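Below: one structure, written as structure tokens.
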Amino acid sequence: MPKDSCKTKGLYAFFGENPEEAHRQFFKPEPRMSRRGFFTGAGSVTAGSLLGMTVPFYANMPHGLVPAAFAAEDVLVGKDGLTLLNDRPINAETPAHLLDDAITPTARHFIRNNGLPPEDVDAEGWTLAVDGLVENPGMYSIDDLRSGFEVTTMALTIECGGNGRAFFDPPARGNQWTVGAVGCAEWTGVRLADVLKNAGVKPGVVYTAHYGADTHLSGKEDKQPISRGIPVAKAMTDTVLIAFAMNGGPLHRQNGAPLRLVVPGWPGSCSQKWLTRIQLRDVVHDGPKMTGTSYRVPRYPVAPGDKVPEEDLVIIERMPVKSLVTSPEHNSRAERKVEVRGHAWSGDRTVVAVDVTIDFGKTWMAAELDGPVNVGAWQNWRRTLSFPEAGYYEVWARATDSAGEMQPFAIDWNPKGYLNNTMHRVSLRVA
Ligand SMILES: Nc1nc2c(c(=O)[nH]1)N[C@H]1C(S)=C(S)[C@@H](COP(=O)(O)O)O[C@H]1N2
Ligand SMILES: [Mo]
């Protein structure tokens with residue numbers, strides 16, 4: 001095991017992989033204090049370097065146990081019931097039954113970090129630079145945005161491009177998201193389009209480039225963890241917000257406080273958090289996670305496990321049609337009659353039907369489906385079901401969008417495990 005695997009993977013993955021070796025390395029009696037304390041020094045991470053003190057009884061600690069001081073609750077302050085997939089960077093998804101609300105509460109919005117969030121952010125002193133191919137490059141404080149442009153509040157769906165990756169076979173590397181890397185919070189801010197019009201978009205602009213204040217996992221200040229962009233045509237649509245409030249309150253620290261982009265219906269990675277700069281370019285952006293295999297899928301269907309040449313990978317734009325069953329809870333007990341409900345969405349489109357089945361797809365029943373509260377919001381659906389007799393059932397939900405696209409039963413495999421929109425299956429034990 002490389003000595004720094006705890007630094008690059010996070011404590012949980014580090015301990016999970018090889019508990020004996022992790023224990024030996026982590027509780028080394030000689031603490032190596034790093035200058036800045038947390039994970040930043042050279043060499044391996046030890047309990048001593050993290051806690052700033054030794055652990056006198058470390059020899060008694062069962063192997064594989066992560067010190068309670070670093071337990072999930074401490075990493076996920078202000079979050080409620082999220083499942084921690086990784087703590088370096090922090091990645092946490094929301095169990096489907098905790099996404100039951102029409103609007104996702106801040107405490108239940110998932111977290112996907114590629115690097116380390118900025119510390120001690122100051123909303124007062126925050127600035128956003130708008131530059132590149134614009135007539136009037138400028139710097140805006142959050143107050144400038146608030147007073148200079150129309151402020152709007154919208155429910156907007158953010159889904160990570162890798163949501164559902166855990167179900168790929170052969171598996172794809174990356175966060176093993178199941179179904180909960182999605183949320184639809186109410187975001188307040190100004191339209192990116194208005195800010196860009198004010199700056200004056202020069203002819204020939206094709207793409208935006210987004211920059212945030214987070215630091216690369218290596219700790220190197222000059223290295224961006226992620227910097228993505230969108231075609232300027234998308235940037236000029238009126239659902240793309242520069243947001244400074246979430247559900248009527250401040251943004252959660254892990255969700256990009258105090259300022260972020262929200263690009264609904266496109267891979268979450270387009271929605272830059274801790275936003276500090278938007279640059280306009282006459283070429284497609286080439287920042288970290290824009291190139292190579294990142295957020296790209298083959299331009300043609302491939303067989304599971306196939307190697308795909310990089311030139312045949314295309315940048316993901318809209319997210320595909322998908323739905324979620326948020327009640328009843330997966331693997332729960334149910335009465336003979338029960339209301340099932342959830343959400344459905346399809347990037348840049350509306351969902352026109354949600355059907356459910358309790359007989360493994362032999363017969364489908366239409367659910368009652370609401371329209372979106374605004375363009376870019378997911379749609380709520382519900383249906384009362386009666387089970388013919390006691391036993392084990394699965395509820396499957398399948399959404400169809402305005403272009404006639406329907407969720408598949410089987411995964412459309414791709415090398416990096418993106419865009420898994422297979423039907424959500426929820427198991428029920430009916431009494
Ligand atoms: N600055 C910055 N912005 C970022 C990220 C990041 O790591 N750094 N992660 C992106 C990814 S991959 C996703 S899916 C969304 C997740 O937003 P959330 O953490 O608020 O749920 O943020 C995006 N914006
Ligand atoms: Mo993501």
Side-chain angles (χ1 to χ4, degrees), residues 75-76 78-79 82-94 98-99 104-119 121 126 128 156-166 172-177 179-187 189 208-218 223-230 240-247 250-278 285 287-290 293-297 315-316 319 347 416-420:
V75 174
L76 298 175
K79 291 289 175 182
L82 268 58
T83 307
L84 188 67
L85 300 185
N86 189 0
D87 67 336
R88 188 181 171 87
I90 295 173
N91 286 293
E93 69 172 327
T94 317
L98 297 184
L99 286 171
T104 308
T106 303
R108 292 192 174 158
H109 199 284
F110 77 100
I111 302 167
R112 197 295 187 238
N113 291 347
N114 290 267
L116 309 173
E119 311 220 345
V121 299
W126 198 266
L128 170 67
L156 299 171
T157 307
I158 300 179
E159 182 182 18
C160 181
N163 196 21
R165 180 179 289 128
R173 286 180 55 147
N175 287 304
Q176 296 301 301
W177 304 110
V179 297
V182 63
C184 182
E186 224 168 51
W187 299 95
T208 62
H210 315 149
Y211 296 87
D214 43 345
T215 339
H216 192 265
L217 280 180
S218 64
K223 248 181 121 184
Q224 289 274 322
I226 183 170
S227 169
R228 303 199 70 241
I230 52 177
V240 178
L241 296 190
I242 302 174
F244 40 70
M246 181 179 191
N247 295 320
L251 271 62
H252 187 278
R253 171 167 182 245
Q254 302 291 351
N255 299 121
L259 195 70
R260 78 171 299 171
L261 269 179
V262 181
V263 183
W266 283 41
S269 53
C270 299
S271 297
Q272 194 82 26
K273 303 193 281 188
W274 312 291
L275 184 70
T276 54
R277 179 182 175 209
I278 294 172
H285 186 36
K289 308 270 164 108
M290 271 308 303
T293 57
S294 293
Y295 300 103
R296 288 169 186 245
V297 288
I315 300 173
I316 299 168
M319 294 294 289
K416 295 274 282 186
Y418 295 121
L419 307 184
N420 185 353

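Read the numbers this way: they start at 1 and go in the same order the structure lists the ligands and their atoms. Computed from a prediction, not measured in an experiment: that's the story for all the values here.
- Residues S227 and H285 approach most closely at OG-NE2, 2.8 Å, considering heavy atoms.
- A 4.5 Å side-chain heavy-atom check between I158 and H109 finds at least one atom pair inside the cut-off.
- With ligand atoms numbered from 1 in the order given, ligand 1 contributes 14 (S) to contacts under 4.0 Å with heavy atoms of C160.
- Proximity to N113 (heavy-atom distance under 4.0 Å) selects the following atoms of ligand 1: 7 (O).
- For the pair I226/Q272, a side-chain contact is recorded, criterion being any heavy-atom separation below 4.5 Å from C-beta on.
- Contacts between W177 and ligand 1, counted as non-hydrogen atom pairs separated by less than 4.0 Å, are absent for every part of the residue.
- Residues M246 and W187 meet the side-chain proximity criterion, which asks for heavy atoms closer than 4.5 Å.
- Which of R260, Q272, M246, Q254 comes nearest to atom 22 (O) of ligand 1 through a heavy atom is settled by distance: it is R260.
- Pairing each heavy atom of L82 with each of A107, the nearest pair is CD1-O, 3.5 Å.
- For the pair R228 and ligand 1, no heavy-atom separation below 4.0 Å is found.
- Taking 4.5 Å as the limit, some side-chain heavy atom of L76 sits within range of a side-chain heavy atom of L84.
- Of all the heavy atoms of E159, none lies under 4.0 Å from any atom of ligand 1, so neither backbone nor side chain is involved.
- For ligand 1, none of its N or O atoms has an N or O atom of S269 under 3.5 Å away.
- Distance from atom 19 (O) of ligand 1 to its nearest protein heavy atom, with residue and atom name: K273 NZ, 2.5 Å.
- The ligand atoms of ligand 1 that sit less than 4.0 angstrom from a heavy atom of Y295 are 12 (S).
- By the 4.5 Å heavy-atom criterion applied to side chains, V121 and R253 are not counted as neighbours.
- Two residues are said to be in side-chain contact when any heavy atoms from C-beta on lie closer than 4.5 Å; W126 and T276 meet this criterion.
- D214 has its side chain out of reach of K273: every pair of non-hydrogen atoms, C-beta onward, lies at least 4.5 Å apart.
- Contacts between N114 and ligand 1, counted as non-hydrogen atom pairs separated by less than 4.0 Å, involve both the backbone and the side chain.
- Of all the listed residues (D214, T106, L275, V262), D214 holds the heavy atom that lies closest to atom 2 (C) of ligand 1.
- Counting the atoms of ligand 1 from 1 in the order shown, those under 4.0 Å from a heavy atom of N255 are 18 (P), 19 (O), 20 (O), 21 (O).
- Interface atoms of ligand 1 facing I226, defined by a heavy-atom separation under 4.0 Å, are 2 (C), 5 (C), 6 (C), 7 (O), 8 (N).
- The backbone N or O of V179 sits less than 3.5 Å from a side-chain atom of N163, completing a donor-acceptor pair.
- Contacts with ligand 1 closer than 4.0 Å are made by heavy atoms of both the backbone and the side chain of F110.
- Remark: ligand 1 atoms within the under-4.0 Å shell around heavy atoms of S271 are 22 (O), 23 (C), 24 (N).
- What sits closest to atom 23 (C) of ligand 1 on the protein, heavy atoms only, is G268 O, 3.2 Å.
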